[in-house]
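Note sheet for the following structure.
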2 protein chains.
Amino acid sequence: MNDKDRRSMPLFAIGIVMKLTELTARQIRYYEEHSLIHPERTTGNQRLFSFNDVDRLLEIKDYLDKGLNIAGIKLLLNEDETKQVSQLKMTESSQISDKELRRILRQELNEPGAHKKANLRQGDLARFFSR
Amino acid sequence: MNDKDRRSMPLFAIGIVMKLTELTARQIRYYEEHSLIHPERTTGNQRLFSFNDVDRLLEIKDYLDKGLNIAGIKLLLNEDETKQVSQLKMTESSQISDKELRRILRQELNEPGAHKKANLRQGDLARFFSR
DNA sequence: ATTATATGTCATGTAACCTAACATGTCAAT
DNA sequence: ATTGACATGTTAGGTTACATGACATATAAT
């Protein structure tokens, strides 16, 4: 088993993730609802989060603090991802993307520098792994 | 937060620990009952295990496979530990220890080499941390 | 002013966990 | 062979943690 597997291993119940991320259950579920994360489920349908999921939630939190909205965060998160998103509705989603993108860029203009490197405090949890 | 903290952080519900260790809930609770592990609890009294706990359970499993009994395992596990055990009943416990120790040694004589280095497969989980 | 977004709160159902008790298989001592 | 200790299985009844859905609300965008 390698790091990649370990990172994506479903381990944490939502209660733990709440403490690790200081997000409410409502928020976490909401972000899943909007496809920012995709935690696995137990056979009884309860969410099980991996280290990757938690890391991602920490990123989401950062971006929220910076004033980004869900749509914007989705774009940023999917940026460095070898997508997995359903590309079924590419046509209609691309027009949404454009619209949202403009909003983000506008926001970026109003608060310059916020986008830079996002101060990725990803790594808080990354330290659980080899460095 | 350092590695030590991370390792002792209460994170896992018993269901996860069962999968990670391939032990039954009954076994895990039994080992706690006999003070081989000391998982924390939620405010609602549910067990929460740390990486250390899981590592320890894997060691316990190894020792059991080698034919050791709980008393023997306890001795071995406490060996490299800056104790934390209540030393209240030192007198009576020492006489128990002696008795058990004899049994263990007897067992050891019957299966030589089993004690060597115990093939410490601790590290299965250790890889979650820095190396 | 209206709408959209993000989150809080409440109600209700179920999954996962808890302890306690009793049952069982294995082994060692009698 | 019988007894007893050990480790684990199993069952029962109770509690905690998590599920979804609906409605409320504050803030921000239009």
Side-chain angles (χ1 to χ4, degrees), chain A residues 10-37 39-49 53 57 60-75 96 99-107 109-111, chain B residues 10-37 39-49 53 57 60-75 96 99-100 102-111:
Chain A
L11 293 175
F12 308 113
I14 200 170
I16 296 295
V17 176
M18 290 174 62
K19 284 174 193 153
L20 289 175
T21 62
E22 292 180 282
L23 294 168
T24 66
R26 182 71 169 89
Q27 285 177 297
I28 296 170
R29 295 190 186 115
Y30 184 75
Y31 303 151
E32 181 191 21
E33 195 180 346
H34 290 271
S35 302
L36 296 187
I37 49 173
E40 299 205 14
R41 300 284 184 131
T42 66
T43 55
N45 200 37
Q46 300 195 181
R47 270 164 270 254
L48 276 188
F49 300 77
D53 292 325
L57 285 170
I60 292 169
K61 211 184 158 198
D62 267 12
Y63 286 132
L64 282 173
D65 287 347
K66 294 200 191 313
L68 290 198
N69 63 8
I70 301 293
I73 294 171
K74 196 185 303 192
L75 287 178
I96 293 176
K99 183 177 139 199
E100 296 301 342
L101 187 53
R102 260 178 278 123
R103 180 186 307 182
I104 293 163
L105 292 176
R106 196 182 331 119
Q107 212 158 349
L109 290 176
N110 289 342
E111 191 183 3
Chain B
L11 294 174
F12 308 112
I14 200 171
I16 296 296
V17 176
M18 289 174 63
K19 284 173 193 154
L20 289 176
T21 62
E22 293 180 281
L23 293 168
T24 66
R26 182 68 169 92
Q27 286 177 296
I28 295 169
R29 295 188 187 118
Y30 184 75
Y31 303 151
E32 181 191 24
E33 193 179 346
H34 290 271
S35 303
L36 297 187
I37 50 173
E40 298 205 15
R41 301 282 185 134
T42 66
T43 56
N45 199 38
Q46 301 196 179
R47 271 165 270 253
L48 275 188
F49 299 78
D53 292 325
L57 285 171
I60 292 169
K61 211 184 159 200
D62 267 11
Y63 286 134
L64 282 174
D65 287 346
K66 295 202 191 312
L68 289 198
N69 62 11
I70 302 293
I73 294 172
K74 196 187 300 191
L75 287 178
I96 293 175
K99 183 177 136 199
E100 297 300 343
R102 261 179 278 122
R103 182 185 306 183
I104 292 162
L105 291 176
R106 199 181 329 121
Q107 215 160 350
E108 172 71 1
L109 290 178
N110 289 341
E111 192 183 3

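Chain naming here is simple, since letters A, B, ... match the order of the sequence lines and numbering starts at 1 in each.
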**Item:** d(OH, Tyr30(A); C1', dA19(D)) in whole Å
**Value:** 19 Å

**Request:** Can you tell me the distance, in whole Å, between the CZ atom of Arg26(A) and the P atom of dT5(C)?
**Result:** 14 Å

**Message:** Under 4.0 Å, heavy atoms only, any strand: does Ala25(A) hit a base, just the sugar-phosphate, or nothing?
**Reply:** nothing

**Asked** Can you name the closest pair of heavy atoms from Leu23(B) and Lys61(B) and give their distance?
**Response** CD2-CG, 3.7 Å

**Message:** Do Leu36(A) and Tyr63(A) have side chains that approach each other closer than 4.5 Å (heavy atoms only, starting at C-beta)?
**Reply:** no

**Short side-chain N/O contact from Tyr31(A) to OP1 or OP2 of dT7(C), under 4.0 Å** = yes

**Request:** Check whether any side-chain nitrogen or oxygen of Thr24(A) sits under 4.0 Å from OP1 or OP2 of dG8(C), and answer yes or no.
**Result:** yes

**Asked** Closer to the 5' end of DNA chain D via nearest nucleotide, is it Gln46(B) or Glu32(A)?
**Response** Gln46(B)

**Item:** Side chain proximity check, Tyr31(A) to Ile73(A), heavy atoms < 4.5 angstrom
**Value:** no

**Request:** Specify the separation, in whole Å, of atom CD of Gln27(B) and atom C1' of dC6(D).
**Result:** 13 Å

**Item:** Along DNA chain C (nearest heavy atom to each residue), the more 5'-positioned of Leu64(A) and Gly44(A)
**Value:** Leu64(A)

**Asked** Could you give the CG-to-P distance, from Leu68(A) to dT27(D), as a whole number of Å?
**Response** 20 Å

**Rounded interatomic separation in angstrom, taking NE2 from His34(A) and P from dT7(C)** = 9 Å

**Message:** How many whole angstroms separate atom CZ of Arg47(B) from atom P of dA16(C)?
**Reply:** 17 Å

**Asked** Heavy-atom distance under 4.5 Å between the side chains of Phe49(A) and Ile37(A), does that happen here?
**Response** yes

**Asked** Rounded to the nearest Å, what distance is computed from the CG atom of residue Asp65(A) to the C1' atom of nucleotide dT7(C)?
**Response** 14 Å

**Asked** dA17(D) phosphate, OP1 or OP2: any side-chain N/O from Thr42(B) under 4.0 angstrom?
**Response** yes

**Message:** From CZ of Arg41(B) over to P of dA17(D), roughly how many Å is that when rounded to an integer?
**Reply:** 12 Å

**Complete:** In short, Val17(B) meets Thr21(B) closest at the heavy-atom pair O-OG1, 2.7 Å

